[in-house]
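Report on the following structure.
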2 protein chains.
Amino acid sequence: MSVDRERILAEASDLLVTEGPHALTMRALARRLGVTAPALYRHFESRERIVVDLVGEAFDTFARYLYRALEGRTPAERFSLTGRNYLAYALEHPRYYELLHASHNLIGVEQLHPEAQQCACAVGQFIVDRVREAMDAGMLKPGDPESVARTIWAHSHGLITIYLRGLLRTDEAGFRRLFLESTWQLMEGIAEPAFAEAMRAEAAAAAADEAGAPPDGVGRPLPVEVGEAPR
Amino acid sequence: MSVDRERILAEASDLLVTEGPHALTMRALARRLGVTAPALYRHFESRERIVVDLVGEAFDTFARYLYRALEGRTPAERFSLTGRNYLAYALEHPRYYELLHASHNLIGVEQLHPEAQQCACAVGQFIVDRVREAMDAGMLKPGDPESVARTIWAHSHGLITIYLRGLLRTDEAGFRRLFLESTWQLMEGIAEPAFAEAMRAEAAAAAADEAGAPPDGVGRPLPVEVGEAPR
DNA sequence: GGACATGGTTAACACCGTAAACTGATGCCG
DNA sequence: CGGCATCAGTTTACGGTGTTAACCATGTCC
């Protein structure tokens, strides 16, 4: 019954998701592992370090969600899948999504940790790449890919955080519709008219058979790889 | 040297802004007031209550920022001022802006407090009203005002939080430019072409004389009305 | 066998929010 | 005026937090 980093992180992850951030205390964590609190300091220098590593895992999973978009065969498909998978991650792992963006508040740390910051940059780069690709394919209006990617990212992120804060009085299904609708409004401005029209149709179709099978290519939920995942 | 609610909130506000949320402890707060911690419970039932009231003040100031937009003489002006003042608040009171959206994390409370939630709704309604007005004036494309307002709100909010997290490698001046540019991209989709063109010109002008006087009508920074403000 | 690293223990420190009991002043009422 | 409640502060204390120090058992290598 060794208590390695892996198992600690797994239990911490579970604690975080099931009981919330404030329940993630060293003593509670140790109790779950059948050990006393100071033992944890053999594996992690501090509680903050645990949270930071958790954030790292959350970012990795996030990245895996996005990377699945590369299974799309056309730039348009990959672009669209990126958006879908972004939303999928946020809705399937809301606590982690919040953790990604609130970590410094939760820990009392001023800045996002450098490695998390770097990971965020990688995610940002991925979106930029999909935007550039879509521009080159004539699907988005020409422009600065970084700037357009930022706009898209900000819009999606903003909408999601507002929803997760409970400020949108709607359930998840309603939010998915709303998200699509809002994204379409944005696309109207940055996409070429032909594609914007296609998106509008797609959105309408999705709204129609919302109770049907999930849109293909989105894939099944991925677990947060932190111990209890396939070993 | 009475220690009324007003003074407590004022000192708590200062502590929050200067030292960060984690520094806002009952003992530290009491020390600043030349008093011991339990004395604070004569005026506030709990620390959480203090934070909630602080959030309330932050929301009030936020609302005052937005309401200044009503000084605009045309719907277009009021619409534009709303966006500017939103940004002004976020940049002049970043800690409060974060507090507005992170309060439940900071306190370990699951949901935003009802009154704060209601205040958030009022702010939302204000934006919806400006959007409706702009639509009626033929400045925005016709559509559902609530939906369009949400899109605008999400975009602004997302961009700002990303910036405040330090994920955009730029300073404040750079961010202001970037914010305008991004907003313009969004407007391209939801505004009527004539107005989008006007905004583009405005953005270009603003970028040109960025070191000049602030655009008229935005007004001077407002203090957070919490004690040290004019009594 | 002895040195040494490893991973756990217990005890303790300083801090946290908060409750209970007590103290001193202040004002009101018979 | 005496008595008494009320208010605003105190001291003390409890159970919680992250973290450290000192100690102890185990296994591994020279």
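Throughout, a chain's letter reflects where its sequence line sits, starting with A, and its residues are numbered from 1. Owing to the predicted nature of the structure, the values given are computational and were not obtained by experimental measurement.
Atom P of nucleotide C:dT18 and atom CD of B:E48 are separated by 8 Å, given to the nearest angstrom. To the nearest angstrom, P of D:dT19 lies 6 Å from CE of A:M26. Atoms CZ (B:R31) and P (D:dG9) sit 17 Å apart, rounded to a whole Å. Rounded to whole Å, atom P of D:dA8 lies 10 Å from atom CD1 of B:I8. Summarising the geometry, the separation between CG on B:L33 and P on D:dT10 is reported as 11 Å, rounded to the nearest angstrom.
Residue A:R42 places its side chain closer to D:dC23 than to any other of D:dT10, D:dT19, D:dC23. Comparing C:dT9, D:dT19, C:dT18 against the side chain of B:R47 picks out C:dT18 as the nearest. Listed nucleotides: D:dT17, C:dG8, D:dG9. Nearest to the side chain of A:R27: D:dT17. Comparing C:dG7, D:dG18, C:dT18 by their closest approach to the side chain of A:Y41 singles out D:dG18. Proximity note for B:T25 (side chain, C-beta onward) versus C:dC16, C:dG7, D:dG9: the nearest is C:dC16.
The aromatic ring centroids of A:Y89 and A:H93 lie less than 6.0 Å from each other. Residues A:Y86 and A:F62 bring their aromatic ring centres within 6.0 Å. Between A:H101 and A:H157, the distance separating the two ring centers is shorter than 6.0 angstrom.
An OP1 or OP2 oxygen of C:dT6 is reached within less than 4.0 angstrom by no side-chain nitrogen or oxygen of A:H43.
Checked for salt-bridge contact, A:E133 and A:R130 meet the test: a charged N lies under 4.0 Å from a carboxylate O.
If you check every strand for non-hydrogen atoms under 4.0 Å, A:T36 touches a base.
Nearest-nucleotide positions on DNA chain C for B:S46 and A:A37 put A:A37 closer to the 5' end.
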